[in-house]
Amino acid sequence: MRILSGIQPSGILHLGNYFGMMKPAIDLQTQGEAFYFIANYHSMTSLFDAEERRQNTLAVAVDFLACGLDPEKAVFFRQSDVPEVTELTWLLSTLTPMGLLERCHSYKDKLARGISPNHGLFAYPVLMAADILIYDSNVVPVGRDQKQHVEVTRDIAIKFNQQYGETFVIPEPQIRDEVAVVPGTDGQKMSKSYGNAIDLFCEEKILRKRIMGLVMDSRTPEEPKPDAEKNIAIQLLRLVAAPEISRDFEDRLRAGGLGYGDLKKSLFENCWQYFAPARARRAELLNNLDYVHQVLESGAAKARVVAAVVLKRARRACGLE
Ligand code: ADP
Ligand code: TRP
């Protein structure tokens with residue numbers, strides 16, 4: 001089984017990125033042949049500073065390795081080190097109906113937020129389809145917001161196979177229900193663009209401030225809260241603490257008498273502890289960036305071998321060779 005996922009080098013990673021995409025990907029790295037990459041071509045649709053892109057790419061590589069991506073198990077690389085993917089994007093784009101892209105939520109959301117779109121942003125899902133198809137991927141672990149893009153990939157692959165004969169493996173998205181949408185400090189989906197994110201590797205003081213600032217309702221501590229599992233702090237606590245700890249807090253909320261301050265304090269402590277080993281590995285990696293560059297280079301060499309085979313298959317199928 002080939003597992004593939006990518007993450008944009010948008011700089012600072014948050015709990016939503018970690019629990020929605022990075023952790024599921026890391027957990028899967030022992031289950032098959034894993035290919036994980038940093039989507040720096042994709043970042044060009046919305047980030048226009050070259051140095052920032054270079055630095056963010058390295059930062060995301062460091063953080064992913066710190067969190068447990070094991071380069072002995074997973075092939076880890078920069079998207080742009082396999083330029084074959086841009087050629088496949090062209091082949092796929094000629095069979096991609098405009099309407100399919102016009103219906104994509106993430107594109108529509110960006111339009112709604114007033115972003116003036118470039119062609120790359122519109123065509124973004126086609127590049128993502130090429131990313132997935134060029135490695136014959138079977139399974140794509142992503143957060144729920146990316147599910148539609150994997151469905152677009154399937155549609156394009158099916159269409160190509162029908163038009164030019166069996167060429168591509170049809171991939172499946174894999175979304176973990178319990179982390180499909182990690183809530184941010186305001187209860188909406190955590191996202192760096194909504195200002196509600198809790199960053200993975202922020203300083204202790206900032207983490208405490210973000211968690212103590214979680215937006216809660218105005219019920220008094222005494223009131224019993226039958227909807228304990230909908231509480232943002234509980235949802236986050238479930239991710240970072242042992243199940244009995246979050247269950248105990250849920251019971252106390254239901255019974256009444258628990259102040260949100262105590263719950264948040266425990267969330268902060270558990271969150272800080274949860275990421276302690278990753279923080280230590282990150283500090284080591286930041287002192288050894290040569291190693292990180294080496295990992296990415298050797299990952300790219302392995303990825304390119306696979307990509308070249310699949311691209312050739314596609315070129316032949318559609319009569320370019
Ligand atoms: P952002 O919304 O902060 O811009 P991205 O769109 O770059 O995050 O997402 C990168 C990866 O992290 C994707 O696989 C996405 O599904 C996942 N992800 C991002 N935010 C969340 C969230 N709040 N809950 C679950 N997964 C998320
Ligand atoms: N679009 C994804 C995101 O913003 C990143 C990505 C690019 C990706 N190519 C991919 C994810 C291929 C999975 C598979 O998070």
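Whatever order the structure lists ligands and atoms in, that order sets their numbers, starting from 1. Along the sequence shown, residues are numbered consecutively beginning with 1.
For Arg252 and Asp248, the salt-bridge test passes: some basic side-chain N is under 4.0 Å from an acidic carboxylate O. A salt bridge does not link Lys108 to Glu102: none of the charged nitrogens lies less than 4.0 Å from a carboxylate oxygen.
If you check the side chains of Asn270 and Ser266, you find a donor sitting under 3.5 Å from an acceptor. Side-chain contact, Ser80 with Asn40: a donor N or O sits under 3.5 Å from an acceptor N or O. In the model, Ser10 has a side-chain atom that pairs as donor or acceptor with a side-chain atom of Lys192 under 3.5 Å.
Within 4.0 Å of ligand 2, the residues that place a heavy atom are Leu4, Ser5, Gly6, Gln8, Phe37, Ala39, His42, Tyr124, Met128, Asp131, Ile132, Val140, Val142, Gln146, listed by chain and number. Listed by chain and number, His14, Gly16, Asn17, Gly20, Met21, Gly143, Asp145, Gln146, Val179, Ala180, Val181, Val182, Lys189, Met190, Ser191, Lys192 each place a non-hydrogen atom less than 4.0 angstrom from ligand 1.
You'll find the side chain of Ile198 reaches within 4.5 Å of the side chain of Leu207, heavy atoms only. With contacts defined as side-chain heavy-atom distances shorter than 4.5 Å, the pair Leu28/Gln174 qualifies.
Using a 30° and 60° split on the angle between ring planes, Phe275 and Phe19 fall in the perpendicular class, above 60°.
Remark: the backbone N or O of Thr167 is paired with a side-chain donor or acceptor of Asn161 at under 3.5 angstrom.
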